[in-house]
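Quick notes on the structure that follows.
Residues take their numbers from the sequence shown, with the count starting at 1.
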Amino acid sequence: MGTNYLREIQRHGQSVWYDAIGWDLVASGELARLMAEGVSGVMTNPALPAAAVTGDGGRADARRQLAAQGQEPAEVYETLAIREVRAAADVLRPVYDRTEGRDGFVSLPVSPELAHDGSGTVNEAQRLLDAVGRPNIMIAVPGTAAGIWAIEELVAGGISVNATLLFSVDRYRAVARAYLAGLERCIESGGTVRRVASVASFFLSRLDRLVNRRLEAEISTAGSDAERRALEGLRSQAAIASAKTAYAEAKTLFSGRQWARLAAAGARPQRLLWASPVGADAALDDRYYIEALVGRDTVAALSPSILTAVRERARIRPTLEAGLPAARAVLRRLEAAGVHLARVAEQLEEDGVRAVRESFDRAIADISSRRQLATRALV
């Protein structure tokens, strides 16, 4: 039997989560099989909850049944999503127990309508946790300004959080500080932080795609061949450079006196999670991001296709901390070239929130149309 490269990743202190959830993931035994190979969590990216509800297969009958019972489309959506999340959480519960709450999570996003509503996010998170009724649920909250406030509030209440849609080192730093502040408040209020976990989901390919487009504009107006070559050398470098720099920030944030005090109370560090690690262009190998970002206390969230590619062949070695000065130089060179990463991140955040909302709206519209068909069939 060949090498299991997922296990190789684990040996370097990195967890592997599956970036997909669907109706058949549990019922088919696929999740159990993936766990046997080394998968220790399930993460839903912004588009997946809607896909899990609106796709074909076994859930079609459930949709019709719920619609026939008179549930509104949004209620049907949530009922089906909660069923799938709960089932996946039950399968992953042994991992959660064995790792004492480090892994074994299912990430469940709040409504995309709440991306800029901090108090609404907090209320929605608690309602969803009550509805699912499982301890190994991690509430996914977008890292908007309102989301950062909500992250601190949720952690202060002892709730595990996936801070998602992160595209810059600055935004990651803000999220990490919100997590630390939440832990402090939780302890001060007499709560326990021993089972509070968090990941900060840093999106890779989306960042590189937009940076690459902006580089193309600069390349087209380059004044010399040397300048053109220098700019071309920056293609598909922004995400890895940002990720390495964010990891260095994490090592600083989760050390020192403040962290020692929190760790003594049972707190665990927030882990960076590499999301959307698919190649930013066709020239990149499917393993490009994963092989470059192997490091301790991190998570790799792999889509089905990337997981297959990594499982079959990968060059796994500790790469995350290598080349940090070069990574920082890449970020400086991008800024000097007129590619301002703060603006890039701002646009990507807006685009990401909009994509989530549109995906949700499509799911509701699909359920609504199916409900109408089911109602006509009963007449």
Test item: [X] and [Y] side chains (from C-beta on) under 4.5 Å apart, heavy atoms:
X	Y	value
Trp274	Leu204	yes
Leu180	Leu262	yes
Phe203	Thr164	yes
Leu108	Met138	no
Arg214	Arg343	yes
Phe167	Leu341	no

With sequence neighbours left out, write down each residue that passes ring-ring contact (aromatic ring centres under 6.0 Å, His included) with [X], or none if nothing qualifies.
X	result
Tyr5	none
Trp149	none
Tyr96	Phe105

Would you say [Y] and [X] are linked by a side-chain donor-acceptor pair, where the criterion is simply a distance under 3.5 Å?
X	Y	value
Arg261	Gln258	no
Glu8	Asn4	no
Tyr289	Asp208	yes
Ser305	Asp286	no

Between the side chains of [Y] and [X], is the shortest nitrogen-to-carboxylate-oxygen separation below 4.0 Å, so that they form an ion pair?
X	Y	result
Asp225	Arg228	yes
Glu291	Arg315	no
Arg171	Glu349	yes

Using modelled atom types and a 3.5 Å cut-off, is there a donor and acceptor pairing between side-chain atoms of [X] and backbone atoms of [Y]?
X	Y	value
Thr144	Ala115	yes
Thr319	Ala292	yes
Tyr288	Ser236	yes
Arg271	Arg102	yes
Glu232	Glu216	no
Arg86	Ala131	yes
Asn162	Ser107	no
Ser189	Arg185	yes
Lys244	Ala326	no
Arg287	Arg313	yes

Taking atom [atom1] of [X] as the centre, does the number of heavy atoms from other residues, nucleotides or ligands within less than 6.0 Å exceed 12?
X	atom1	result
Arg127	CZ	yes
Arg7	CZ	yes
Arg33	CZ	yes

**Report entry** Given Asp103, Thr99, Thr298, the one that forms side chain to side chain donor-acceptor pair (under 3.5 Å) with Ser15
**Finding:**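 Going through the options one by one, the only one that passes is Asp103.
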Query raised in the report: Between Phe360 and Tyr77, does a ring-ring contact (aromatic ring centres under 6.0 Å, His included) hold up when you go through it step by step?
Result: CA-CA 9 Å; Phe360 178 79; Tyr77 175 95; 5.0 Å; yes
Atom [atom1] of [X] and atom [atom2] of [Y]: how far apart are they, to the nearest 0.5 Å?
X	Y	atom1	atom2	result
Arg173	Thr252	CZ	OG1	9.5 Å
Asp297	Gln270	CG	CD	12.0 Å
Leu302	Ser276	CG	OG	11.5 Å
Ile82	Glu78	CD1	CD	4.0 Å
Leu234	Asn212	CG	CG	9.5 Å

Requested in this report: Might you point out which heavy atoms bring Gly104 and Leu92 nearest each other, and give the distance in Å?
Outcome: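 Shortest heavy-atom separation between Gly104 and Leu92 comes out as O-CB, 3.5 Å.
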**Report entry** side chain to side chain contact (heavy atoms under 4.5 Å, CB included), paired with Glu124, selected from Val110, Val141, Leu129, Asp117
**Finding:**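 Exactly one pass, corresponding to Val110.
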Report task. Determine, step by step, whether Glu346 and Ser168 satisfy the side chain to side chain contact (heavy atoms under 4.5 Å, CB included) criterion, reporting the C-alpha distance in whole Å, the side-chain angles of both residues, the deciding distance to 0.1 Å, and the verdict. Result -> CA-CA 9 Å; Glu346 183 179 345; Ser168 72; over 6 Å; no
Report task. Please step through side chain to side chain contact (heavy atoms under 4.5 Å, CB included) for the pair Arg296 and Glu321, ending with a clear verdict. Result -> CA-CA 10 Å; Arg296 299 196 62 81; Glu321 294 186 86; over 6 Å; no
**Report entry** Intermediate values then yes/no, side chain to side chain contact (heavy atoms under 4.5 Å, CB included), Val122 and Gln126
**Finding:** CA-CA 6 Å; Val122 172; Gln126 188 59 66; 5.9 Å; no
Requested in this report: Please state whether the rings of Trp259 and Phe254 are parallel, tilted or perpendicular, taking 30° and 60° as the class boundaries.
Outcome: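 The arrangement is perpendicular - the two ring planes meet at more than 60°.
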